[in-house]
Amino acid sequence: MGSPYFSSDETILLSTHNIVINTIPAEAILTGKRLILVDSSHPQFRPHDIPFTAIETVIIGENSGNNPVLSLTVVTQGDTRHTLGIVFAQQPKTKRTGERDSWAAKLKELSVISQEGHGAQPMDLAPPWIPGFLSAGESGEKGSGQDFPDKYRNPPLVPKRPRPEDPSRNRTIIAVSAIAIFVIAIVCGVVFFAPGLIAHTVVPAPPATTPVVASTPTPVPVRTEIPAAAVTLQPTTTTGIPTVPTPVQRVVPQTGVWVRINYIGNFTGSVGTAGAMREVASSGDTYYQIPTVDGVVEATIQKLDSSGNVLTIEVYNNGNLIKSGTTRTPDGEVDIHADLKAAQSVAASQTTGT
């Protein structure tokens with residue numbers, strides 16, 4: 001992979017590999033200043049920076065293969081939006097939901113702070129993260145005449161020449177080693193022979209009069225991972241007075257069928273279609289993609305606490321709300337059956353009537 005350059009005051013917060021961004025094998029690094037994307041399939045290309053000021057929305061969910069998905073909406077030039085779907089590919093018997101949630105929480109926090117007072121700012125996004133072609137000489141495939149920009153191409157690596165041995169350095173090491181051995185020999189002689197040359201006088205120890213005070217152990221801080229939906233930001237101004245940041249606008253995916261579950265606490269249940277249901281368990285604002293076009297979407301979700309908080313389930317088809325249900329009942333349950341074909345027929349008849 002290409003090697004990103006870091007400034008002296010830049011700290012790596014998170015890093016991950018074995019992810020897929022818009023069908024491209026990739027790696028990602030999150031620092032306190034930017035999100036860095038690396039194309040694993042073309043190591044000759046430089047990493048691409050995504051500034052936090054260009055990230056408009058951060059949505060978590062799962063794809064049809066039950067892999068955790070982190071969807072970023074990036075504002076590009078011409079006031080257009082481009083979606084980066086980051087899939088955390090899971091190997092057998094591995095779970096990467098917690099890793100995805102950590103990335104989502106940190107990206108939300110940094111984008112809100114960076115956009116405070118001016119909103120999202122457009123950026124330049126280049127291939128392979130947007131549709132485009134590499135030149136035939138670089139990719140080995142038939143190109144379209146559009147070369148990959150030089151500013152995103154890494155220069156060829158040059159083997160590093162070995163530095164010649166410094167004779168004076170070797171002499172210094174030998175001299176230091178000899179001095180260290182001599183000092184160790186003197187210390188060993190004092191330890192073994194000094195006790196026999198000194199007369200010992202036994203002096204009884206005075207009785208202890210100072211009370212023993214039990215020390216209190218210092219508490220060890222415990223790191224707790226906060227789910228993405230539970231992050232609350234309280235940035236402060238230069239005067240120290242907390243201000244309320246403008247929340248990042250959440251956008252429902254505009255393509256496909258999705259079930260949205262929104263609950264501040266923990267929930268469990270199942271979503272899908274008849275004969276293809278899957279178990280889910282999470283918390284916060286979560287989206288699940290359903291692999292169907294005109295079937296009946298089913299969702300049965302139950303709260304795992306006795307609070308009066310609202311549990312909401314919504315079914316979307318291509319960005320349009322098809323059906324929803326809520327409950328405030330402690331340990332309550334919401335059961336939804338949404339017929340997509342019937343909903344499409346109703347929408348078509350209403351369009352014909354107008």
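Just so you know, residue 1 is the first one in the sequence shown, and it goes up from there. Model, not experiment: these values are computed from the prediction.
Counting heavy atoms from C-beta outward, V297 and K323 have side chains that stay 4.5 Å or more apart. Residues I86 and W103 form no side-chain contact, since every pair of their non-hydrogen atoms from C-beta on lies 4.5 Å or further apart. Side-chain contact check for N67 versus V20: every heavy-atom pair is 4.5 Å or farther apart.
Formation of a donor-acceptor pair under 3.5 Å by the R81 side chain with backbone atoms of D79 is found in this model. With hydrogens and angles ignored, the 3.5 Å screen pairs a side-chain donor or acceptor of Q90 with a backbone N or O of R96. At least one donor-acceptor pair under 3.5 Å links the side chain of N22 to the backbone N or O of T83. Between the side chain of D49 and the backbone N or O of I36 there is no donor-acceptor pair closer than 3.5 Å. Panel note: side chain Q302, backbone D331; a donor-acceptor pair is recorded below 3.5 Å. With S349 contributing its side chain and V346 its backbone, the two residues share a donor-acceptor pair below 3.5 Å. For the pair Q91 (side chain) and A89 (backbone), a donor-acceptor distance under 3.5 Å is absent.
Applying the salt bridge (charged side-chain N to carboxylate O under 4.0 Å, His left out) criterion to E333, with sequence neighbours excluded, gives no partner residue. Applying the side chain to side chain donor-acceptor pair (under 3.5 Å) rule to S307 yields the partners Y263, D305, N309; only residues at least two apart in sequence or on another chain are considered.
Residues E27 and S40 approach most closely at CG-OG, 3.5 Å, considering heavy atoms. The minimum heavy-atom distance linking A299 with V259 is given by the pair CB-CG1, 4.3 Å.
A chain of hydrophobic side-chain contacts below 4.5 Å, direct or via other Ile, Leu, Val, Met, Phe, Trp or Tyr residues, connects I59 to L321. Hydrophobic clustering (ILVMFWY, side-chain heavy atoms < 4.5 Å, transitive): M123 and L72 are in one cluster. Note on V296 and V315: separate hydrophobic clusters, where clusters join Ile, Leu, Val, Met, Phe, Trp and Tyr whose side-chain heavy atoms are under 4.5 Å apart, directly or indirectly. Neither V280 nor V69 shares a network with the other; the hydrophobic side chains, linked directly or stepwise wherever heavy atoms of I, L, V, M, F, W or Y lie under 4.5 Å apart, form separate groups for each.
Here the straight-line distance linking atom CD1 of I60 with atom OG of S71 works out to 11.5 Å at 0.5 Å rounding.
D9 and K33 are joined by a salt bridge, as a carboxylate oxygen and a charged side-chain nitrogen come within less than 4.0 angstrom of each other.
Using a 30° and 60° split on the angle between ring planes, Y287 and Y316 fall in the tilted class, from 30° to 60°.
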